[in-house]
Amino acid sequence: MNPSLVNNSSPTHPRWRKVAYGGMQPGYDDNHTDESFLEGMVMNASVVKRDMLKVMLDSVSISEYLCIVALVVLVWTCTLASTIDENSLLLIDVGLLVSGFLILLFTQEMLSLSLLFHYFLNISFFITVLYVLAPIYQTLTRSISSDSIWAVAASLLILHLFLHDYSESTVKAPGVLKNPALTSCISVNASVVASVFIASRLPSRLHVFAIMLFSLQVFLFAPLVTYCIKKYSFRLHLCFSISLMAMTLSFVYTLHRLLFVLLLSLLVFVNVVCPYWLIRIQEYKFEINGPWDEAKLCFDITD
Amino acid sequence: MHNDRPDLYICTDHLLVYSIKHMTPSVCEGDMMDDSQKHRILMVSDFFYPNFGGVENHIYYLSQCLLKLGHKVVVATHAYGNRSGVRYMTGGLKVYYIPWSPFVMQNTLPTFYGLLPIIRTILIRERITVVHGHQAFSTFCHEALMHARTMGYKVVFTDHSLYGFADVGSIHMNKVLQFTLADVSQAICVSHTSKENTVLRSGLPPEKVFVVPNAVDTAIFKPAVDRPSGSEIVIVVISRLVYRKGVDLLVEVIPEVCRLHPNVRFIIGGDGPKRVRLEEMREKHSLQDRVEMLGAVQHVQVRSVLISGHIFLNSSLTEAFCIAILEAASCGLLTVSTRVGGVPEVLPDEMIVLAEPDPGDMVHAIQKAISMLPKIDPQAMHNRMRELYNWHDVAKRTEIVYDRAFKCSNQNLLERLSRYLFCGAWAGKLFFLVMIVGFLLWQLLELWQPADDIEEVPDFTLPCSCDEEMLEKNSVK
């Protein structure tokens, strides 16, 4: 536009408005850009400032579950090497069951008698079905070679660890509406299938029953128990986790020194290196929000 | 492509000869405009008639009004079923349906260089001066713009949609947009919010982006002579029933409004995957007699559905512009809409009630609209809409964009290539390579089939009598 024309019309032309109706606004081109351009833009709206200590404390859950899985592998190894016989394993199963129930009893005040009876009935049915199916598990994967068995079991356990939901328990209390995520289901199934693979290398059906019961107890109910402990008291959760780590490390140390170094490195990596890495890398986060974004509904869609 | 070209020639020449035989070549002097102001525009997009939608309507009406201003307009799109080759539409609008099949949602397969020979032939035959691409998600458009820039033509791009920055599809789409718009002459957006979005996504300087809105054909969307009277209030919803149109919001809002206002009735037009949810809502709240579901509504039936109501409800979660609101306002309906994207810019406050995309706020806005209803005069609203939105005004503003594009200086290959390098650490080098190969392929085509050997299409102008006759036919329709 001509500067003189701008000067002539400046006392009379109205202020530019951010509207689309009414045609071209007098005195302004269609590519006019004023100070209100991008004033609705918000950058890094959802960025949370993180504290090193808090992130380390939060990562204890991951280490705790790593130790639980390491203990399971330890029991598998000892059972396969005949260090633990089936009677000892059954004793461990009963001990785990009783201690799990006691922990649930202490941490959940509203546990009622009918709910306890319901749990007992379910678990009895579960154990019966497992006992009946034990011969099938023993012979199901016997024809697969041992190298494949070890490789597949290790892969499935790693998959289980990667897809595991560490923030909540996988097994929900009755009445909870939210469904578990797909990755969480895959994770649980991977661990159960790994147990089935291991079961084919055991000498008797009682062995198979004992190892399957042990594995299913740990993989299905350990997240629930640890979640209840954490909800009850964070300090108790920390004590339990540290005790579990110490116990696991000592057992692994007696078994194999290289694995001890490996597990210790992994725990240090998860608890110290990753939190530090997360805090360092977060400064590169760049997020743009504005009126152009698709609106998010504030209610749940229940199909 | 080699086998298809002779068919295209035969089809073109045949139709052209047929047209010339039936028209006298006399030209009225009054229709002539300044030669320096005339443009020869090629519109390119995956979306055009016989498909129906906002982009299709925009290209068609804009082309018609540009033809009336004296420019020459040609449309290029992919084949639609049996519709392949060259067709002439109203006003002598020439459309190339290039035999290039769509593979998903009317988008053609991206091929980088597959379109170069046919686009080059069209540009030379029609003596095109400006290439105008439409819609960010049109692969046909992006390829045509890329090749037109390689050949040195002026390029204008119109963006019709809003995209975010977080989901996987948007991230990749924004990178493609940055690539194709790195070298564009000018860009057009349909709202100011859309301009902000496009500037952020593509990295274009804001002064290169014009805001030229959509418009509505007010001759088609007229209010009813007699408004639906009585104590009943009818609220109309016409949209595709998908998540982005906020059907889940409707499921929450409609039962509440029906509970608060016993005299309110809903008419819902449209089809889609979320229709089942609406049907379930009707069953659950026993609203079968108060919520009417029409199913899919043909475009020619939209007006008759709109004039049967008093209020138009739009629950979209994202909109760059929302033409449906214009159509409803042109029919004299008061609008209630979510405050998303470019919607707050579309209508003055006395024609629309805005609400946050929240069921409670939506119900509150509908109540406010019901209280405003006695003061609404549909005919006055229609007359106001004719002043606010006009396709002729859109064409004039687009003409200014074309003129501005021509004032941009031409750039040689090195300057253009350096601009592509700035698109990113890795993407820049990739874009650079794509453009180099494109340039080499173009030079190869120049050697194989020089531009001088390609036959140019002669121009013809509709006589005044034919033009008026056609206008009468349009008005009868």
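Proteins get letters first, then strands, A, B, ... in listed order; numbering begins at 1 in each.
Interface remark: B:Leu326 contributes no atoms to any contact with chain A (heavy atom separation under 4.5 Å). B:Pro348 touches chain A through backbone and side chain together, each having a heavy atom under 4.5 Å away. The part of B:Asp393 that comes within reach of chain A is its side chain, from C-beta onward, which places non-hydrogen atoms under 4.5 angstrom from that chain. Proximity to chain A (any heavy atom under 4.5 Å) is restricted, for B:Leu200, to the side chain, taken from C-beta onward. For chain A, the nearby part of B:Val209 is the backbone; its heavy atoms alone come within less than 4.5 Å. Proximity to chain A is absent for every atom of B:Val394, based on heavy atoms less than 4.5 angstrom apart.
Ring centroid separation for the pair B:His132 and B:Tyr402 comes in under the 6.0 Å cut-off. Between B:His192 and A:Trp16, the distance from one ring center to the other falls under 6.0 angstrom.
No other option in B:Val340, B:Ile188, B:Leu347 has as many heavy-atom pairs under 4.5 Å with chain A as B:Leu347. Per-residue heavy-atom pair counts under 4.5 Å with chain A were compared for B:Pro357, B:Pro206, B:Pro344, B:Gly164, and the maximum is reached by B:Pro206.
The backbone N or O of B:Thr193 lies less than 3.5 Å from no partner atom in the side chain of B:Asn197, so there is not a single donor-acceptor pair. Formation of a donor-acceptor pair under 3.5 Å by the B:Ser191 side chain with backbone atoms of B:Ser194 is found in this model.
Note that the CG atom of B:Leu278 and the CG atom of B:Leu250 stand 6.0 Å from one another [nearest 0.5 Å].
Salt-bridge check for B:Asp361 with B:Arg339: failed, with every basic side-chain N at 4.0 Å or more from each acidic carboxylate O.
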